[in-house]
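Hydrogens, waters and symmetry mates are skipped; everything else that's a heavy atom, side chains included, is used.
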Amino acid sequence: MERKKQIDISLKVLTGASLAVALMLTFTVSDYYIFNRISEFGFFFCLSQWVKKAGLLLLPLAVYYGKKSCADIAKCVLPPFVILSCCIFGGFFDITKPALTPQQEIYNLINLFIPKAANITMFFLHNALTLAVCALLFARDYKIAPRSFLYLAPAMLLTVPLNIFENFFDISEIPQNSFLRFKNFSVWHFAALAALVGVTVGAYYFLRGKNEKNKDSFLGAIAIALLIQYHSKDSMLLGDGYNVYDTITAVVPLFICNIGVYIASVSVFAKNKILYAISFFVHAAGAVSVFVYFGRDDMSNFGIFCSYSFLYFCITHVGLFVLSVMPTALGRYKFKYRDCLIPLGYYFGVIIIAAVSSALVTSAAETWHTPSGVYLDTPVLPNYAFTQLNPFPFTVPPVWTITVWNYDLNCIYLLGLYAVYVAIFFAFNGFYYAFLAVRKKILAKKTAQI
């Protein structure tokens, strides 16, 4: 019994360390750069890295949620691919973003803050930690159930590198007016909305009959997969860029749905009612609102329907919505209007912090320059929580402004932004209560007929 306890503690510590190192690796260009360049870096190396991404889902489920099926897959599948990645990495550590312009040279000075030596060290450390966890899983239970491997395909699918489809097209060759490109109210817009509805309804019917332990593990799996996909953006920004963003400052989680990924995920891990309330009242409404209107086409660049930016945006927002509503839908938490006070204060605080941070980043970017003294010729606007660029199809004159460093914040716009989103939050909850009322009547009729 003492030996098992020691193994369990060691598993939790080593898995946590492995996840922490994997998180740091996402801030290197190479982490995701390879997946849309398979012909350059080799099929087997790219596959080994993808399997290791799946391991970031499998190991926490095996260790923290006690899922034997995930442990069986991890201890059999991960070791050969981890060892393979150590042998055929090729030019993986030499990847860098070419600095063909002064602007890109400045971006590289900001983005490439992890040196090659640290990248190499973390890569092999993560591999060593992964192998150690797999060895301990074998020591804890050497028996393997063949049916466990049915979960390998879903694990690979949930952690698929979303830029992998870019091996099959060159976005620069696709015209701006092409049917394949995403625009508001196009067929791809409605396809994204249909995916949101389909995944949410499917998740509800799949989970509602499960026992509480299985609900915990499946919700945990969704949260972990969402975090893995969310942090893929770290590396994409450094390498190929994401949407209209090119600097590491855009990974700061002050975009309202980005911080929602953490709030909703932690709410599932911790089963915290305050976080449930914030997720349901603020982030569910925020996530669903983007599927109604993706923002002005001129301030976004989602590319075509299978490009990274579009897939990342849709999948992370679908995952956020599912995580935000599922605890309430499954009866773990019943939202009441008195519960909206903390979420309202939280959202106001996010707007203030996001606005100030946006101004500070933009002002600081004015000081960035090349060693030869060339400064940026275009401003860096991180636009945290829409605090700098107005997503709505109307303008708000800067009648009342506050200057933070060198940037003027439009206070009327910020207050209006807060008011609009609060209205969206209450409208979403109004639909929720209307749904409950209709559902109650339908159930009452069915009961009367019986």
Side-chain angles (χ1 to χ4, degrees), residues 23 26-33 35-36 95-114 161-163 166 171-172 176 181-184 226-262 286-287 290 294-304 307-317 320 350 353-368 375-391 407:
L23 173 61
T26 65
F27 294 102
T28 61
V29 175
S30 55
D31 197 50
Y32 271 81
Y33 192 84
F35 291 117
N36 59 358
I95 297 171
T96 188
K97 180 82 171 181
L100 303 178
T101 64
Q103 181 161 294
Q104 188 58 55
E105 186 178 355
I106 295 169
Y107 286 168
N108 283 0
L109 290 173
I110 303 302
N111 289 339
L112 308 182
F113 64 95
I114 295 182
L162 298 175
N163 59 335
E166 294 177 4
I171 191 68
S172 64
Q176 288 297 322
R181 286 189 177 271
F182 173 83
K183 299 289 182 185
N184 275 299
L226 175 59
L227 287 167
I228 292 170
Q229 294 294 1
Y230 169 74
H231 279 289
S232 70
K233 187 179 67 172
D234 305 343
S235 182
M236 287 299 297
L237 276 164
L238 308 186
D240 294 320
Y242 158 69
N243 201 344
V244 296
Y245 300 103
D246 294 285
T247 66
I248 195 66
T249 57
V251 307
V252 178
L254 286 173
F255 298 88
I256 192 63
C257 286
N258 287 6
I259 193 172
V261 168
Y262 290 112
V290 303
F294 278 69
R296 301 196 327 262
D297 288 331
D298 65 328
M299 63 180 281
S300 300
N301 181 24
F302 290 108
I304 68 173
S307 60
Y308 176 83
S309 290
F310 178 72
L311 291 175
Y312 166 85
F313 189 86
C314 290
I315 288 174
T316 54
H317 282 78
L320 172 59
V350 168
I353 295 171
V356 172
S357 299
S358 295
L360 292 175
V361 169
T362 299
S363 299
E366 294 179 0
T367 68
W368 299 346
Y375 288 79
L376 285 172
D377 55 2
T378 55
V380 173
L381 301 173
N383 196 31
Y384 302 131
F386 298 114
T387 53
Q388 291 178 310
L389 299 177
N390 183 353
Y407 189 84

| Which heavy atom in L238 sits nearest to a heavy atom in F27, and how many Å separate them? | CD1-O, 2.9 Å
| task | Would you please say whether a donor-acceptor pair under 3.5 Å links the side chains of S307 and S309? | result | no
| message | Just verifying a value: how many Å separate Y242 OH and N301 CG, rounded to the nearest 0.5 Å? | response | 10.5 Å
| said: What I want to check is whether the side chains of D240 and N36 have a donor and an acceptor closer together than 3.5 Å. | reply: yes
| message | Rounded at 0.5 Å granularity, tell me how far OG1 in T101 sits from OH in Y107. | response | 8.5 Å
| Among all residues two or more places apart in sequence or in another chain, which pass the salt bridge (charged side-chain N to carboxylate O under 4.0 Å, His left out) test with D246? | none
| field | Pair F313-F294, ring pair (Phe, Tyr, Trp, His ring centres under 6.0 Å): steps then yes or no | value | CA-CA 10 Å; F313 189 86; F294 278 69; 5.6 Å; yes
| message | Just by distance, no angles: are the side chains of Q388 and T362 close enough, under 3.5 Å, to form a donor-acceptor pair? | response | yes
| In terms of the angle between their ring planes, are Y262 and Y230 parallel, tilted or perpendicular, with boundaries placed at 30° and 60°? | perpendicular
| query | Between S232 and Y308, does any side-chain donor sit less than 3.5 Å from a side-chain acceptor? | reply | yes
| query | Cut-off 3.5 Å, side chains only: do D234 and T26 have a donor facing an acceptor? | reply | yes
| Value rounded to 0.5 Å, distance of CD in Q103 from CG in L376 | 5.5 Å
| request: May I ask you to test the W368-V380 pair for a side-chain heavy-atom distance under 4.5 Å? | output: yes
| Looking at M299 and P391, what are the two nearest heavy atoms and their distance? | SD-CA, 3.7 Å
| query | Is it the case that K233 places NZ or CZ above or below the six-membered ring of F255, under 6.0 angstrom from the centre and within 45 degrees of the axis? | reply | yes
| field | 4.5 Å side-chain heavy-atom contact, I353 and V350 | value | no
